Amino acid sequence: QVQLVESGGGLVQAGGSLTLSCAASGIIFSINAMGWYRQAPGKQRELVASITVRGNTNYADSVKGRFAISRENAKNTVYLRMNSLKPEDTAVYYCNALRLSSGNYYPLFGSWGQGTQVTVSS
């Protein structure tokens with residue numbers, strides 16, 4: 001059974017930093033692209049960062065240059081380092097494995113973890 005456990009969120013002032021972690025179990029982590037999503041109140045869940053098996057990364061324009069995704073296959077864990085945080089980064093952050101279809105990434109698993117809340121105060 002797939003389990004995704006996110007952690008590391010919290011309350012931070014604008015300009016601050018946080019590092020999120022996502023521990024995956026029940027999947028062969030090393031053969032899956034992984035991604036971080038976020039969902040703000042009243043908005044759809046969006047993919048903000050992805051990392052391939054080879055370590056190639058991609059970011060949403062809104063976080064490019066501020067966020068960095070990384071993975072540690074030995075620990076079945078993917079990280080999201082968030083710098084220069086803004087109030088608009090406030091959201092619940094989730095991770096998921098990714099599938100590629102027609103050049104776009106989609107979540108591989110239909111079930112999600114509990115997410116981790118990130119709140120950025122102005």
Side-chain angles (χ1 to χ4, degrees):
Q1 185 172 351
V2 174
Q3 192 171 17
L4 302 165
V5 180
E6 301 92 350
S7 62
L11 173 63
V12 64
Q13 288 189 330
S17 298
L18 284 172
T19 298
L20 307 183
S21 300
C22 168
S25 60
I27 66 172
I28 305 175
F29 182 83
S30 61
I31 66 169
N32 283 283
M34 296 295 296
W36 280 97
Y37 289 80
R38 70 184 180 187
Q39 187 167 21
K43 295 189 176 181
Q44 287 194 337
R45 194 170 298 179
E46 63 170 341
L47 179 64
V48 297
S50 62
I51 185 165
T52 67
V53 171
R54 293 187 175 186
N56 296 318
T57 58
N58 198 26
Y59 301 93
D61 289 342
S62 58
V63 306
K64 201 170 292 184
R66 301 187 298 119
F67 288 13
I69 187 172
S70 60
R71 63 189 299 159
E72 191 170 1
N73 289 342
K75 294 185 177 181
N76 284 7
T77 300
V78 61
Y79 304 96
L80 187 67
R81 175 65 177 178
M82 306 185 295
N83 296 321
S84 303
L85 283 161
K86 304 176 180 181
E88 51 264 44
D89 295 318
T90 295
V92 180
Y93 285 72
Y94 303 87
C95 70
N96 207 320
L98 301 174
R99 61 179 178 88
L100 188 62
S101 177
S102 301
N104 294 313
Y105 276 129
Y106 298 90
L108 180 62
F109 301 115
S111 60
W112 297 81
Q114 82 287 351
T116 187
Q117 175 71 49
V118 171
T119 303
V120 184
S121 63
S122 57

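Every value quoted in this text rests on a predicted model; they were computed, and no experiment measured them. Note: hydrogens, waters and symmetry copies are ignored here, and every other heavy atom, side chains too, is used.
Minimum interatomic distance between A40 and T90 (heavy atoms only, all atoms of both residues): CB-O, 3.6 Å. Considering all non-hydrogen atoms of both residues, N83 and S17 come closest at OD1-OG, 2.9 Å. In this structure, S122 and A14 approach most closely via the heavy-atom pair CA-CB, 4.4 Å. Shown here for V78 and S70, the closest heavy-atom pair between the two residues is CG2-O, 3.1 Å. Listed here is the closest heavy atom pair of E6 and Q114: O-NE2, 2.8 Å.
As a member of the Ile/Leu/Val/Met/Phe/Trp/Tyr network built from side-chain separations under 4.5 Å, V53 groups with nothing else and remains a singleton.
Hydrophobic clustering (ILVMFWY, side-chain heavy atoms < 4.5 Å, transitive): I51 and L108 are in one cluster. Cluster annotation: L98 is not connected to F29 through the hydrophobic network of ILVMFWY side chains, with a link wherever side-chain heavy atoms come within less than 4.5 Å. Criterion: ILVMFWY side-chain heavy atoms under 4.5 Å apart, direct or through other members. Under it, V5 and L80 are not part of a common hydrophobic cluster. Residues L47 and V63 fall into different hydrophobic clusters, defined by Ile, Leu, Val, Met, Phe, Trp and Tyr side chains chained together at heavy-atom separations under 4.5 Å. W36 and L100 end up in different hydrophobic clusters when Ile, Leu, Val, Met, Phe, Trp and Tyr side chains are linked at under 4.5 Å.
A donor-acceptor pair is defined here as one N or O able to donate and one able to accept, closer than 3.5 Å; no such pair exists between the side chain of T57 and the backbone of I69.
Inspection of the R81 and T19 side chains reveals an N or O donor paired with an N or O acceptor under 3.5 Å. Side chains of S50 and N58: no donor on one and acceptor on the other come within 3.5 Å. Side-chain contact, E72 with Y79: a donor N or O sits under 3.5 Å from an acceptor N or O.
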(request) Test V12 against T119 for side chain to side chain contact (heavy atoms under 4.5 Å, CB included), laying out the working first. (result) CA-CA 6 Å; V12 64; T119 303; over 6 Å; no

(message) Under the criterion side chain to side chain contact (heavy atoms under 4.5 Å, CB included), I'd like the reasoning laid out for Q117 against Y93: C-alpha separation, chi angles, the key distance, then a yes or no.
(response) CA-CA 6 Å; Q117 175 71 49; Y93 285 72; over 6 Å; no

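With rounding to the nearest 0.5 angstrom, the OG1 atom of T116 is 10.0 Å from the OH atom of Y94. The distance from the OG1 atom of T52 to the CG atom of N32 is 11.5 Å, given to the nearest 0.5 Å. Once rounded to the nearest 0.5 Å, the distance linking SG of C95 with CG of L20 reads 9.5 Å. Taken from CZ in R38 to CD in E88, the straight-line distance is 8.0 Å, to the nearest 0.5 Å. The line from CG of N73 to CE of M34 is 10.0 Å long, rounded to the nearest 0.5 Å. The distance from atom SG of C22 to atom CG of N96, rounded to the nearest 0.5 Å, is 8.0 Å.
A salt bridge does not link K86 with D89: none of the charged nitrogens is closer than 4.0 Å to a carboxylate oxygen.
Applying the side-chain contact (heavy atoms from CB on, under 4.5 Å) test to S101 and every residue at least two apart in sequence or in another chain returns R99, Y106.
The cationic atom of R66 (NZ for Lys, CZ for Arg) does not lie both less than 6.0 Å from the six-membered ring centre of Y59 and within 45° of the ring axis.
Between Y37 and W112, the ring center distance clears the sub-6.0 Å criterion.
Heavy atoms of other residues, nucleotides or ligands lying less than 6.0 angstrom from NZ of K75 number 12 at most.
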